[in-house]
Amino acid sequence: MPRTRDILERPARRPDDFHGILTGAPCMHELFRLMERVARSNASVLIRGETGTGKELVARALHDLSNRASGPFRAINCATLTPELLASELFGHVRGAFTGAVRDRKGLFALADQGTIFLDEVAELPLDLQARLLRVLQEQTFVPVGGTDSVKVDVRLLSATHRSLRDEVERGRFREDLMYRIRVVPLYLPRLSERRDDVALLAWHFIEQLSRKGPRPIRGIERAAMDALLSYAWPGNIRELRNVIEYATVVGEGDILQLADLTPELRGEPPPGHHDDHRGDSERKRILQALLEAGGNRSEAAKLLGISRTTLWRRLNEQP
Ligand SMILES: Nc1ncnc2c1ncn2[C@@H]1O[C@H](COP(=O)(O)OP(=O)(O)OP(=O)(O)O)[C@@H](O)[C@H]1O
Ligand SMILES: [Mg+2]
């Protein structure tokens, strides 16, 4: 048991809540002010930020703050579908457009009419769909897959990416004209490591949230555990922080969250930047360690790291 003086109690300060985006960081408040102004317009917004930084929360907040709030909000992840399915998801299809298309089906652009559509991982959009998206943005019309008549829509476009679109344009993977269309207003969402105060604030928030629902009410954090949280690099950002706290509340016992309850990478990894020359190595070690922790279960391991199952597999195979 840790000694009393090594235990931190919940601080009085609570994070501010802006449409579900919790924070105490001044840079985030600047972003909120900008969001309030941008939301009122119809401008296309590109949200840039690493995985788990809250891009989808920002997109939803922009919709809720806009005069389209009473209209639909539809989100789609461009990285998870085949090009054919994605085309049909976005633009719909007519009966007989392809095998299995037994009836007409509305796509997201039709369903989001008078509202907002959010294209997550927009950099992964295949080039032919980029051309079609450009047409929707220019003319506010689209043609369903296999159809001939164009359909008129009034949709506001928000998109997000963790990549630099400029780099994608240079590599010939993204249309330059589309890039300008979709990022009329670029918003940058800082990494968790760039808003250090938020680590403690959000850790306490998640502890409280999980304590309320879960079997283990926690009233304090061992100082060493808080130090580990504060010195960690958080590559999976807020999603990873939440997962780490959830893991700790599940594996540990008692009402004090201890260093021993944290995942191995939090307990053992050297401070951020220390391993820069061997980034690949330590990434691989992190993944292998997580797999070990999760008894070889990839979904569980990915959850521990705050990344998707496919990202986990890709990263593991990318390494030398
Ligand atoms: N500031 C925040 N306050 C509270 N919860 C947050 C915050 N930021 C992110 N989250 C939570 O973290 C998780 C990840 O957020 P979100 O899905 O918006 O991130 P993302 O940037 O879209 O990630 P990805 O690139 O992996 O799609 C969600 O469960 C979200 O509710
Ligand atoms: Mg997302």
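One-based numbering along the sequence shown.
Note that CG of Asp64 is 9.5 Å distant from CE of Met35, once rounded to the nearest 0.5 Å. Thr263 contributes atom OG1, which lies 8.0 Å from atom CG of Leu305 (distance to the nearest 0.5 angstrom). With values rounded to the nearest 0.5 angstrom, Leu134 atom CG is found 6.5 Å from Arg181 atom CZ. We find the CG-CH2 distance between Leu229 and Trp204 to be 10.5 Å, quoted to the nearest 0.5 Å. One distance of note links CG of Asp197 with CE of Met28; it measures 12.5 Å at 0.5 Å rounding. To the nearest 0.5 Å, atom CG of residue Leu158 and atom CZ of residue Arg74 are 15.0 Å apart.
Electrostatic pairing of Arg216 and Glu253 does not count as a salt bridge here, judged by no charged N lying under 4.0 Å from a carboxylate O. Under 4.0 Å is where a charged nitrogen must lie from a carboxylate oxygen, and between Arg166 and Glu170 no such pair does. The pair Arg33-Glu30 does not count as a salt bridge, with every side-chain nitrogen at least 4.0 angstrom from each carboxylate oxygen.
Minimum interatomic distance between Val145 and Ala97 (heavy atoms only, all atoms of both residues): O-CB, 3.4 Å. Residue Leu165 comes nearest to Ala123 through the heavy atom pair CD2-CB, 3.8 Å, listed as atom of the first residue, atom of the second, then distance. Among all heavy-atom pairs drawn from Pro126 and Pro83, the shortest one is CG-CB, 3.8 Å. Nearest heavy atom pair, residue Ala248 against residue Leu262, reads CB-CD2, 4.2 Å. The heavy-atom pair separating Ile76 from Glu89 by the smallest distance is CD1-CB, 3.6 Å. Closest of all the heavy-atom pairs between Ala61 and His19 is CB-CB, 3.7 Å.
A heavy-atom distance below 4.5 Å is found between the side chains of Leu157 and Ile182. A heavy-atom distance below 4.5 Å is found between the side chains of Arg191 and Asn237. Using a 4.5 Å cut-off on side-chain heavy atoms (C-beta onward), Phe118 and Leu62 make no contact. Side-chain contact between Pro15 and Thr23 is absent, with no heavy atoms from C-beta onward closer than 4.5 Å. Between Tyr232 and Val244, the closest side-chain pair of non-hydrogen atoms is not below 4.5 Å. For the pair Leu137/Leu178, a side-chain contact is recorded, criterion being any heavy-atom separation below 4.5 Å from C-beta on. Proximity of Arg219 to Arg10: side-chain heavy atoms (C-beta onward) are nowhere separated by under 4.5 Å. The shortest distance between side-chain heavy atoms of Pro217 and Asp255 does not fall below 4.5 Å.
In this structure, Gln130 contributes its side chain and Arg175 its backbone to a donor-acceptor pair below 3.5 Å. No donor-acceptor distance shorter than 3.5 angstrom exists from the side chain of Arg195 to the backbone of Cys27, with no hydrogens or angles considered. Under the 3.5 Å distance criterion, the side-chain polar atoms of Arg156 are left unmatched by any main-chain donor or acceptor of Val45. A distance-only check finds a donor-acceptor pair linking the side chain of Lys55 to the backbone of Gly49 [under 3.5 Å]. Asp6 contributes no side-chain N or O that, together with a main-chain N or O of Glu222, makes up a donor-acceptor pair within less than 3.5 Å. With hydrogens and angles ignored, the 3.5 Å screen pairs a side-chain donor or acceptor of Ser211 with a backbone N or O of Ile218.
Residue pairs that meet the side chain to side chain donor-acceptor pair (under 3.5 Å) test with at least one member in residues 108-128, sequence neighbours left out, are His63-Thr116, Glu121-His162, Glu124-Arg163.
The aromatic rings of Phe91 and Phe142 are tilted relative to each other, their planes meeting at an angle between 30° and 60°.
Under a hydrophobic-cluster definition in which Ile, Leu, Val, Met, Phe, Trp and Tyr are linked whenever side-chain heavy atoms come within less than 4.5 Å, directly or via other members, Tyr180 and Leu187 are assigned to different clusters. Using a 4.5 Å cut-off between side-chain heavy atoms of Ile, Leu, Val, Met, Phe, Trp and Tyr, with links allowed through other members, Leu192 and Leu230 fall into the same hydrophobic cluster. Both Phe73 and Val38 belong to a single network of hydrophobic side chains, linked directly or stepwise wherever heavy atoms of I, L, V, M, F, W or Y lie under 4.5 Å apart.
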